[in-house]
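Remember, it's a predicted structure, so these values are computed and weren't measured experimentally.
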There are 2 protein chains.
Amino acid sequence: MRVRCFECPLRRRRAFKPKTETEVGFLDALKRDHLSVPPGTELIQQGQEDADLYTLFSGWAFRFKTLPDGRRQILHFLLPGDFIGLQGAMFDASLHGVETLTDAEFCVFPRRRVWSLFEQVPQLAFEVSWLGAHEESMVDENLVSVGLRNAGERVAALILMLHRRCRTLDLVAPDNSIPFPLNQGHIADALGLSLVHTNKTIARLRRLGLFAQSNGRLTLLNPKVMERLAQYYEDEPAPRPII
Amino acid sequence: MRVRCFECPLRRRRAFKPKTETEVGFLDALKRDHLSVPPGTELIQQGQEDADLYTLFSGWAFRFKTLPDGRRQILHFLLPGDFIGLQGAMFDASLHGVETLTDAEFCVFPRRRVWSLFEQVPQLAFEVSWLGAHEESMVDENLVSVGLRNAGERVAALILMLHRRCRTLDLVAPDNSIPFPLNQGHIADALGLSLVHTNKTIARLRRLGLFAQSNGRLTLLNPKVMERLAQYYEDEPAPRPII
DNA sequence: CGCGGGTTTGAGAGTGTTCAATCTGTGTGG
DNA sequence: CCACACAGATTGAACACTCTCAAACCCGCG
């Protein structure tokens, strides 16, 4: 079922900067479709040449690359409000794939019309660039984890980052828990660790009482120690654009 | 000494897309300064709040982040034509530092005026976004290296990537050598390896006859084997924008 | 009840790290 | 011209972290 940008409930959350009527009108005209897919759907395939642009409306997904021999690296995780496919729209082919972790909905924008956005609504073009720069900063952060931190620190940093992102989206429950649809394979592929070692590391941190997991949710039990362990500190971000 | 955009020799190289007179005129008006600095200069500091935007006009540099305890991760290397500081201009503070590897020159653009570029010259705004997306794709690639490849594969992939980038800039000499201002510390910090292990890995690949180094240059001796080792294959890129 | 995906555990083999020294080439001051 | 300082490159050895292989285990589902 179609969701009109005028009534978009996502945009209204306090995480996002408000838009003018004109901007919303333009986006509503630009939006080609509203897509619902199950977990494990490959929204964009690595190498795909005609990938459209999307905003993740609900659910979780991730961006990844695979090597010829099949090894997979998860580049970063996508949460509601994230803009998807800018690289694909700029280059001939998408250099990465995108796959859903949960049931997910997407707003679909035709790739042909990106240029019209730059031409006609500079404010939206600026926000697209902002989102691109923001995505890059998250990849930067992941690269720091994988390049500099050991297994325990990486797991801690990943969980803290996801928890912080959920906080800005008001997805944190009163008991400090967040939805957590990743399995250990995803975590391993995101952190550049083997599945077995990821498992043992998670078990160790859990035994240390840093966090707990149950029925698809993760509860932060000791953020202080986690932050010290991962050397990960970040303040509350200001409201961000949404396309 | 000031270099006017009208006479910019860099832009004329075949690596870069041509610009209209209007675009060049706008950029020439936007350009505030032409900066020359020695090797090891910190052009942008991590956390700096008023960082301007730059185009690397000549020389090499790199973008990096450091953890509170001093460990440093190099995010990616900058070559002539690369656009610097978009993240810094979009956010309150720059989340990374930028440091030169060689004598280098930069075209300086005031951060206040980014918006005017989006507002007045959509084509340039589009190209700024293109460059941002392109930079992200390079960080993606590095993350794949650090997350998935072992030491030998990482070194091979890094050298192949730098060689390919030099090729597009016509920096490859007839003997297949490129300028190579990185020391082993930089390589280690870029690849997430210790200095000692980086040294031993480089020595091994050199003994295998894959490449050679002498007086600040690196010669690719066996690209085929390198590509197979690193599983790194990439075709010649199309001309790209330059700001 | 059996299957499959995801999780857990143990053990041995490596890859990569740390510590500590040595070596080399270059530049500086006497 | 030599002594010395210094940064970067190199080497060896012991140790630690992470990987691979192999096997169980758990749980929801047909």
To the nearest Å, give me how far apart [atom1] ([X]) and [atom2] ([N]) are.
X      : N      : atom1 : atom2 : value
A/I187 : C/dG6  : CD1   : P     : 13 Å
A/L182 : C/dG6  : CG    : P     : 12 Å
B/Q213 : D/dG8  : CD    : P     : 14 Å
B/R207 : D/dA9  : CZ    : C1'   : 14 Å
A/R71  : D/dC19 : CZ    : P     : 12 Å
B/R204 : D/dT10 : CZ    : C1'   : 16 Å
B/H197 : D/dA9  : NE2   : C1'   : 16 Å
A/L148 : D/dC17 : CG    : C1'   : 16 Å

Rounded to the nearest 0.5 Å, what's the gap from OG1 on B/T201 to CD on B/Q184? Could you check?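 Output value for this atom pair is 9.5 Å.
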Looking at A/R165 and A/D82, is any side-chain nitrogen of the basic one under 4.0 Å from a carboxylate oxygen of the acidic one?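 So A/D82 pairs with A/R165 through a salt bridge.
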Determine the contact category for [X]: base if any of its heavy atoms lies under 4.0 Å from a base atom, sugar-phosphate if only primed atoms, P, OP1 or OP2 are that close, otherwise nothing.
X      : result
B/L195 : nothing
A/G192 : sugar-phosphate
A/N199 : base
B/I202 : nothing
B/R154 : nothing
A/A203 : nothing

I'd like a table of donor-acceptor pairs (distance under 3.5 Å, sequence neighbours excluded) in which one partner is a side-chain atom from residues 46-54 of chain A, with atom names and distances.
{"residue": "A/Q46", "atom": "OE1", "partner": "A/T66", "partner atom": "N", "Å": "2.9"}
{"residue": "A/Q46", "atom": "OE1", "partner": "A/T66", "partner atom": "OG1", "Å": "3.0"}
{"residue": "A/Q46", "atom": "NE2", "partner": "A/T66", "partner atom": "O", "Å": "3.3"}
{"residue": "A/Q48", "atom": "OE1", "partner": "A/Q45", "partner atom": "N", "Å": "2.9"}
{"residue": "A/Q48", "atom": "NE2", "partner": "A/D50", "partner atom": "OD1", "Å": "3.3"}
{"residue": "A/D52", "atom": "OD1", "partner": "A/R32", "partner atom": "NH2", "Å": "3.3"}
{"residue": "A/D52", "atom": "OD1", "partner": "A/R111", "partner atom": "N", "Å": "3.1"}
{"residue": "A/D52", "atom": "OD2", "partner": "A/R32", "partner atom": "NH2", "Å": "2.3"}

Listed nucleotide nearest any side-chain atom of [X], set [options]:
X      : options                : answer
A/N150 : D/dT18, C/dA11, D/dC21 : D/dT18
A/K200 : D/dG12, C/dA11, D/dT18 : C/dA11
A/N183 : C/dT7, D/dA9, D/dA13   : C/dT7
A/Q184 : D/dT10, D/dT18, C/dT8  : C/dT8
A/R206 : D/dT20, C/dT8, D/dG12  : C/dT8

I want to confirm an ordering. Mapping A/V196 and A/A151 to their closest nucleotides on DNA chain D, which one lands closer to the 5' end? A/A151
Do the side chain of A/D175 and the main chain of A/S177 share a donor and acceptor less than 3.5 angstrom apart?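 The answer is yes, because a donor-acceptor pair under 3.5 Å joins these two groups.
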Considering residues, nucleotides and ligands other than A/D170, do more than 12 of their heavy atoms fall under 6.0 Å from its CG?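 Counting neighbours around CG of A/D170, more than 12 heavy atoms of other residues, nucleotides or ligands fall under 6.0 Å, so yes.
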